[in-house]
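For reference, the structure is listed below as structure tokens.
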Amino acid sequence: MKIFLSLLLIIFTLTGCTNLIYISKLGWHQSYINFHSIPIKEVLEDQEIDIELKAKIRFVQEVKRFGEERLGLKKTKNYSKYFETRGPILYVLTASRKDKLELYSWKFPIIGRVTYKSFFRLKDALKEKEKLNEKGFDTFIQSVCAYSTLGWFRDPIFSSLLDLEEPILANVILHEMVHSTIYFKGETEFNEQIATFIGNRGTIEFLIEKYGIDSEKVLFARDYQDDDYLFSKWIDQVCKELSEFYDQPISIEEKLRRREEVFGSIKERFKEIKVKLKTEAYKNFDRIKINNAVLLAYRRYIHQLDRLEAIYKNLGGDLRRFINFLKELKSPGKSLPFFTSHAYQE
């Protein structure tokens, strides 16, 4: 706890008053989670705890060992504790300009600029959303069942995670482990895309080793990855065409009026790929009221996955080698020649 409070003091000296209250709220909630998390050993020894829940916890531990020992992801003390939560653990807010596909970004100490803002309470996310709406931005809130503190604290197993099917659970754990292992400051989208790619590939490899190549769980994991690729290509094309629309030499007022027709067309076009989706991952997309923030929030995790696939194949289809390649990119003086981010800065 003393280390945590010291870190908060450092953060407060590096940030302006605008972020002070926000960071202090995050700090309070994170300290609450740290304090009330129960050691996994105690949970597994508790005779009153459900057997299925214990099995899911052991499964998480298996995934973690696989990620560390077989894939070379960073060894941490994450998932050594358990935290009981009701509903989503976090709410993530994305914002964008209305007349352009350009993400809004927030700047924070240590992690740099990020193109989303996280909240532990929905009412805080809604309050920030309202402020941005009043400033003329598109906004979108998503709920999540896990997050990474990038190695600053011991991330627990949240109870909300254990409701997930094993392939999705393994994917989430590996995704978050990637964030603790590889983090490019100021490159939110790229960080999420490599975590998606490694999460998908790593899950398939783990499940093959555990259940066999022809198991239903492996087939599900492959379908899940296929849906990511299918939706990635579709939304990349949609965003390309929408950007071309916004680039037209017409007034902002005209763009805002006519874009509603474009959004309607996007929903109609989604029907063409919805029937091709094999899992439920994106099937509810057409139930969301589309705006720029919605499109960019979805694209954040899956933009041009084919580029990462090409690098992976060039490295012999070796996931550990691919991860080491990304670690090398983090070395001083290295750059990301195949990726750049563009965002409106606060």
Is it the case that [X] and [Y] place a side-chain donor and acceptor less than 3.5 Å from each other?
X      : Y      : answer
Ser96  : Asp138 : no
Asn191 : His179 : no
His36  : Glu84  : no
Arg58  : Gln61  : no
Gln237 : Glu241 : yes
His175 : Glu192 : yes
Thr149 : Asp155 : yes
Ser148 : Ser180 : yes
Arg300 : Thr94  : yes
Tyr211 : Glu216 : no

Side chains of [X] and [Y]: closer than 4.5 Å at any heavy-atom pair?
X      : Y      : result
Lys255 : Ile250 : yes
Asn34  : Lys81  : no
Arg258 : Phe245 : yes

Donor-acceptor check, side chain of Arg321 to backbone of Leu315, threshold 3.5 angstrom: yes or no? yes
Check whether Lys56 reaches the backbone of Leu164 with its side chain - one donor and one acceptor, N or O, closer than 3.5 Å. yes
Whether Arg70 and Glu205 form a salt bridge (side-chain N of Lys/Arg under 4.0 Å from carboxylate O of Asp/Glu) is what I want to check. no
Testing Thr196, Ile198, Thr203 for side-chain contact (heavy atoms from CB on, under 4.5 Å) with Asn200, which one passes? Thr196
So, applying side-chain contact (heavy atoms from CB on, under 4.5 Å) with Tyr82, which one of Leu161, Val60, Ile57 is it? Ile57
Go through it in stages, so that I can follow the logic: the residues are Phe119 and Lys25, the test is side chain to side chain contact (heavy atoms under 4.5 Å, CB included), and I'd like the CA-CA distance, side-chain angles, deciding distance and then a yes or no. CA-CA 9 Å; Phe119 300 85; Lys25 285 183 177 181; over 6 Å; no
Is there a continuous path of hydrophobic side-chain contacts, each under 4.5 Å between heavy atoms, that joins [X] to [Y]?
X      : Y      : result
Leu122 : Leu26  : yes
Leu219 : Leu169 : no
Leu256 : Leu101 : no
Val262 : Ile252 : no
Ile204 : Ile213 : yes

For the residue pair Trp234 and Tyr282, is the inter-centroid distance of their aromatic rings smaller than 6.0 Å? no
Would Lys274 count as a cation-pi partner of Phe285, with NZ or CZ less than 6.0 Å from the six-membered ring centre and within 45° of the ring normal? no
Quick one: does NZ or CZ of Lys100 land under 6.0 Å from the six-membered ring centre of Tyr246, within 45 degrees of the ring axis? no
Would Phe140 and Tyr298 count as a side chain to side chain contact (heavy atoms under 4.5 Å, CB included) here? Give the steps. CA-CA 10 Å; Phe140 180 49; Tyr298 270 87; 4.1 Å; yes
Result for ring pair (Phe, Tyr, Trp, His ring centres under 6.0 Å) between Phe190 and one of Tyr183, Phe197, Phe184 points to Phe184
Can you list the steps and then say if Lys74 with Glu68 is a salt bridge (Lys or Arg N to Asp or Glu O under 4.0 Å)? CA-CA 6 Å; Lys74 184 179 179 181; Glu68 292 173 348; over 6 Å; no
